Amino acid sequence: MHEFRVGEDDFELDGRPLRLLSGALHYFRVHESQWGHRLATLRAMGLNCVETYVPWNLHEPRPGEYRDLDALGRFLDAARRAGLWAIVRPGPYICAEWENGGLPHWITGPLGPRARTRDAVYGAAVARWFTALLPQVVTRQVDRGGPVLMVQVENEYGSYGSDARYLAQLRDLLLDLGVSVPLFTSDGPEDHMLTGGSVPGVLATANFGSGARAAFATLRRHRPKGPLMCMEFWCGWFDHWGAGHAVREPGDAAKALREILECGASVNLYMAHGGTSFGGWAGANRAGELHDGRLLPDVTSYDYDAPIDEYGRPTPKFFAFREVLAAYAEEPPPGLPPAPPSLGAPVSVPVRERVPLAEVLATLGGPETEGPLPPSFEELDVDRGLVRYTVRVPGPRQPYPLSAPGLRDRAVVYVDGRRAGVLTEEQPVLPEPVAGPAEVELWTESLGRVGYGPRTGEPKGATGGLRHERQFLHGVRARGLRLDAFDAAERVRALPFTAAPGDGAAGLYRASAEIRGAGDASLRLPGWTRGFVWVNGFCLGRYWSLGPQDSLYVPGPVLREGPCEVWILELEEAGGAVELSGVSGPGR
C-alpha cells in the first residue's frame, strides 16, 4: 500500500515527488481481450499512468438496471498488472464524444436542463449510480494496494454551468462513499470555466492542446499553490460524418507536450489510444462558437489521431512522444508488445438474405403507442436506434407540403408505401407535396445525442410535431427499435430471412464470411448507404457512405475460424457485398 497526496508544488507518492505521465484509454472503447496489449503499448511510450472515463448510460441502461459494473474493476486490475497507476473520471457527465455525454436518456429526457444541477431528482439518481459503481474504485485505491491515484469531480463543468452547490454535493458524495485518494476537477484555462468548474479544497487542473505557459499562468491566478497538471492534452481531435479527417502533425504535438513538461507539470495525453465507439455509442456535437448550431454527428472511429491508432499500432506521433517523455521518465520504457494477429486472408462475400425493416420492428421493437402528437425517443425509451412514426393525412384534399419541424435527426419517409424522400433538421419539408388521404411513415433515426455544450441531453425524434401545410397532423402511432434488441442473437437469427430481391430496399441483411486466420480486420461496405453492422453478434457501430470513415475496425477476438455471421441494418439503400481485409504495419 502507498500514500499519494497533493503537495504544495508536486504530487507525492510515499513522500517523494511523482510526475504523472498519463494517457487516456477508455476501457469501453477497447475490446476487453485487447486491454493488456493497449496498456503495454502505453508503457512502451514512456507513460506511468492510465486515465479512463466511466459512461453512466452504458452501465445503467434503465433506472436501477445495471450491466457489467465489474468492467471498470477488471480494467483497473489490468492497469495494475501492466505496471500503471490509474486516474478515474466517473462523471456522472463525461463528454468524451460519447452518446449524451454519458448521461442516461431516461434522466435527460424528463429533466432537460435540470440535469447537472442541484436538482433533487437528478441528485438521487446520481447517488444511486455512484453507490453501485464506486466499490469498483474504492477497493482499488492506492492506499488499499490498488492503482487508483485520483478521482475526478464531474467533468469540465465550467464549460456548462455554475452551480457550486451541485459540485460540492458531488464532492461530498464521493467522500461519503469511501474515496480517500485526492479529488480533482478539470476545465479549460479560462476564468469563467475555472470559476464555474472548480471546488474549494479540490485540486484544479486544466485542459488544452497548446500554449502551456499561458494556460498554467491562468490556472495559477486561480490556484497559486498545488501541482500543475494538464488533465487533457489534446494531441489530436475527433471526426464528424461529412467532414475531413482531423490530423495534428507529430512534430507540432511533440513540441506542445515538451512545453507542458518544461513547466514542471504532469500531463494526461488525450487520447493516448482512442479506440472505437462500438455499439452505436458515438455522440454528436453542435457547430458554432457557443456549440448551439447545426448537428455534427461523431463517426464510429475514435482514432483521434492519437499516438496509438484505432488498431493499436504505434504511429510516428508515438515515437515523437516517446522521445520527449524519455527525458522525464524515472526509467527507460519497455519495448513494444508483439502486434496482435491480423486477418490471414481478405474475404469478399455477397449479401443475399434480407428481412424487411417492418418485420424487424414487429419482432424486435418495443410496444406501439398512439397519441395526438409524436412522442420523443426518450418517451419511447429508445437510447440508440430508430422510431417509426405513422400518421394519416385526411382527405380528400389537394397536395400540401408535409413537414417535421424540429426533427432530430433524420427520417426516411414513405407515403402509401412508396419512398418519398429524406427529412433532416436542416431540411424538414418533403420535396414533393402530399395529397390526402394518405398513410405516411417516418423511419426516424438518432444520429447521436449531443455530448457537449448547452444542448447536451436535447430530445430526439419529431420534437416539433408533424404538419400538413400549417395544420398539425394528430393521431400518431409510434414504435421504437433499440439497438440493444439485437443483443438477443437467437431472436435475430429466427427472423424470416429470405432471398434479397436486389432492389436495395432498407432492411436487415445477413451474410456468412468464411474466415481463415482470424485476427484484427477492416470491414468495408461498398455501395451501402447508412446503418449499423454486427459481426458474430458484436455491434461494430454505424457506417455511412458520407465519410470520412470508409471502413470499420473489427477486433480480432470478434472473429473466429470458419463461418462468421454478418448482419447489416441498412436504413436507406443497400449494396451487394461485404469486404474484410487484414491489418498490418505501423499506424498512419
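Keep in mind the model is a prediction, meaning the values are calculated, not measured. No hydrogens, no waters, no symmetry mates; every other heavy atom, side chains included, goes into these values.
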Worksheet item: Between Arg128 and Glu60, is the closest basic N to carboxylate O distance under 4.0 Å?
Response: yes

Item to complete: Mark yes or no for whether Tyr53, through its side chain, and Ile94, through its backbone, hold a donor-acceptor pair below 3.5 Å.
Response: yes

Response to the item:
Scanning both residues in full, the closest heavy-atom pair of Trp234 with Arg248 reads O-NH1, 2.9 Å

Discussion item. Between Trp35 and His273, is the ring-ring contact (aromatic ring centres under 6.0 Å, His included) condition met? List the steps.
Written reply: CA-CA 11 Å; Trp35 287 349; His273 170 57; over 10 Å; no

Worksheet item: Given Asp484 and Arg67, is the salt bridge (charged side-chain N to carboxylate O under 4.0 Å, His left out) satisfied, shown in steps?
Response: CA-CA 12 Å; Asp484 60 8; Arg67 291 185 184 175; 3.6 Å; yes

Fill in: Pro307 and Phe319, any side-chain heavy atoms less than 4.5 Å apart
no

Practice prompt. Considering only NZ, NE, NH1 and NH2 on the basic side and carboxylate oxygens on the acidic side, decide whether Asp68 and Arg74 come within less than 4.0 Å.
Written response: yes

Worksheet item: Taking everything shown except Arg80 itself, do over 12 heavy atoms lie less than 6.0 Å from its CZ?
Response: no

Worksheet entry | Whether His31 and Phe538 hold their rings parallel, tilted or perpendicular, with breakpoints at 30° and 60° | tilted

Practice prompt. Mind running side-chain contact (heavy atoms from CB on, under 4.5 Å) on Arg408 and Phe377 for me, showing each step along the way?
Written response: CA-CA 10 Å; Arg408 304 193 187 108; Phe377 277 49; over 6 Å; no

Worksheet entry | Sidechain-backbone polar pair: Asp163 side chain, Arg118 backbone, donor-acceptor under 3.5 Å | yes

Worksheet item: So, Phe532 versus Tyr543, ring centres under 6.0 angstrom or not?
Response: no

Practice prompt. Walk me through it: do Tyr66 and His59 pass the test ring-ring contact (aromatic ring centres under 6.0 Å, His included)?
Written response: CA-CA 5 Å; Tyr66 299 111; His59 293 295; 9.3 Å; no

Worksheet entry | pair Val554-Leu552: side-chain heavy atoms closer than 4.5 Å | no

Discussion item. Ring centres under 6.0 Å, that's the criterion: do Phe28 and Tyr302 meet it?
Written reply: no

Worksheet item: In terms of side-chain heavy atoms, does Tyr157 have a donor or acceptor partner in Tyr93 at a distance below 3.5 Å?
Response: no

Response to the item:
Looking only at heavy atoms, the pair that brings Tyr27 and Ala71 closest together is CE1-CB, 4.0 Å

Identify each donor-acceptor pair in which a side-chain atom of residues 290-298 lies under 3.5 Å from a protein atom, sequence neighbours left out, and give them as a table.
residue : atom : partner : partner atom : Å
Asp298  : OD1  : His240  : NE2          : 3.1
Asp298  : OD2  : Ala284  : N            : 3.2

Item to complete: Sequence neighbours left out, what pairs pass side chain to side chain donor-acceptor pair (under 3.5 Å) with at least one residue falling in residues 314-326?
Response: Asp305-Lys317

Discussion item. Counting neighbours of CD on Glu330 that are heavy atoms of other residues, nucleotides or ligands and sit closer than 6.0 Å, is the number greater than 12?
Written reply: no

Discussion item. Ring-plane angle category for Trp56 and Tyr122, please: parallel below 30°, perpendicular beyond 60°, tilted otherwise.
Written reply: tilted

Worksheet, complete the sentence: Interatomic distance, CZ@Arg29 vs OG1@Thr52, rounded to 0.5 Å, equals 9.5 Å

Worksheet item: Should the ring pair Phe4 and Phe11 be called parallel, tilted or perpendicular, given that the plane angle runs from 0 to 90° and is split at 30 and 60?
Response: parallel

Practice prompt. Return yes if a side-chain donor-acceptor contact under 3.5 Å exists between Ser551 and Ser522, otherwise no.
Written response: yes

Item to complete: For side chain to side chain donor-acceptor pair (under 3.5 Å), just list the numbers for Thr276 and Glu310, CA-CA rounded to whole Å, side-chain angles, deciding distance to a tenth of an Å, and then say yes or no.
Response: CA-CA 7 Å; Thr276 309; Glu310 183 181 12; 2.7 Å; yes

Discussion item. Regarding Asn268 and Glu232, do their side chains bring together a donor and an acceptor under 3.5 Å, going by distance alone?
Written reply: no

Worksheet item: Are the side chain of Asp119 and the backbone N or O of Val121 linked by a donor-acceptor pair below 3.5 Å?
Response: yes

Worksheet item: Is any side-chain heavy atom of Ser159 closer than 4.5 Å to a side-chain heavy atom of Tyr452?
Response: yes

Worksheet item: Are more than 12 heavy atoms from other residues, nucleotides or ligands located less than 6.0 Å from atom CD of Glu8?
Response: no

Item to complete: Hey, could you give me the CG/CG distance between Asn155 and Leu170, rounded to the nearest 0.5 Å?
Response: 11.5 Å

Practice prompt. Would you check if Glu99 and His105 make a side-chain contact, meaning some heavy-atom pair closer than 4.5 Å?
Written response: no

Worksheet item: Do Leu47 and Arg43 touch side chain to side chain, with heavy atoms closer than 4.5 Å?
Response: no

Worksheet entry | Short N-O contact, Arg221 and Asp191, less than 4.0 angstrom | yes

Item to complete: Give the minimum heavy-atom separation between Lys460 and Gly448, together with the two atoms involved.
Response: NZ-O, 3.0 Å

Discussion item. So which atom in Ser198 and which in Leu167 form the shortest heavy-atom distance, rounded to 0.1 Å?
Written reply: O-CD1, 4.0 Å

Practice prompt. Determine whether Leu257 and Val267 make a side-chain contact, defined as any pair of heavy atoms from C-beta on separated by less than 4.5 Å.
Written response: yes

Fill in: Residue pair Phe208, Tyr270: steps toward the ring-ring contact (aromatic ring centres under 6.0 Å, His included) verdict
CA-CA 10 Å; Phe208 53 85; Tyr270 193 97; over 10 Å; no

Worksheet entry | Pro113 backbone acceptor or donor facing Thr117 side chain under 3.5 Å | no

Worksheet item: Roughly how far, to the nearest 0.5 Å, is the OG atom of Ser22 from the CE atom of Met150?
Response: 8.0 Å

Item to complete: Determine whether the side chains of Trp98 and Asn57 contain a donor N or O and an acceptor N or O closer than 3.5 Å.
Response: yes

Less than 3.5 Å apart, which donor and acceptor atoms pair up between the side chains of residues 177-186 and the rest of the protein, not counting sequence neighbours?
residue : atom : partner : partner atom : Å
Ser180  : OG   : Gln141  : NE2          : 3.3
Ser180  : OG   : Asp143  : OD1          : 3.4
Ser180  : OG   : Asp143  : OD2          : 2.6
Ser186  : OG   : Arg89   : NH2          : 3.2
Ser186  : OG   : Gln152  : OE1          : 2.9

Practice prompt. Check the pair Tyr553, Tyr311 against ring-ring contact (aromatic ring centres under 6.0 Å, His included), reporting the backbone distance first and the verdict last.
Written response: CA-CA 7 Å; Tyr553 171 49; Tyr311 293 79; 4.7 Å; yes

Practice prompt. State, yes or no, whether a side-chain contact exists between Arg116 and Glu154 at a heavy-atom distance under 4.5 Å.
Written response: yes

Fill in: Donor-acceptor pair between His2 and Asp14 side chains, under 3.5 angstrom
yes

Worksheet item: Is any NZ, NE, NH1 or NH2 atom of the basic residue among Glu262 and Arg213 found under 4.0 Å from an Asp or Glu carboxylate oxygen of the other?
Response: yes

Worksheet item: After noting the C-alpha distance and the side-chain angles of His245 and Asp239, does the key distance pass the side chain to side chain donor-acceptor pair (under 3.5 Å) rule?
Response: CA-CA 6 Å; His245 174 48; Asp239 293 342; 2.6 Å; yes

Worksheet entry | Short N-O contact, Glu3 and Arg144, less than 4.0 angstrom | no

Worksheet item: How far apart are the closest heavy atoms of Pro92 and Leu103, and which atoms are they?
Response: O-CD2, 3.7 Å

Discussion item. When you measure from the side chain of Asp9 to the backbone of Pro227, do you find a donor-acceptor pair of N or O atoms at a distance under 3.5 Å?
Written reply: no

Worksheet item: Does some side-chain heavy atom of Pro337 sit less than 4.5 Å from a side-chain heavy atom of Thr41?
Response: yes

Worksheet item: Using a distance-only test with no angle check, is there a side-chain donor-acceptor pair under 3.5 angstrom linking Asp520 and Gln34?
Response: yes

Practice prompt. Verify side chain to side chain donor-acceptor pair (under 3.5 Å) between Asn100 and Thr108, making sure each step is shown before the conclusion.
Written response: CA-CA 9 Å; Asn100 218 23; Thr108 57; 3.0 Å; yes

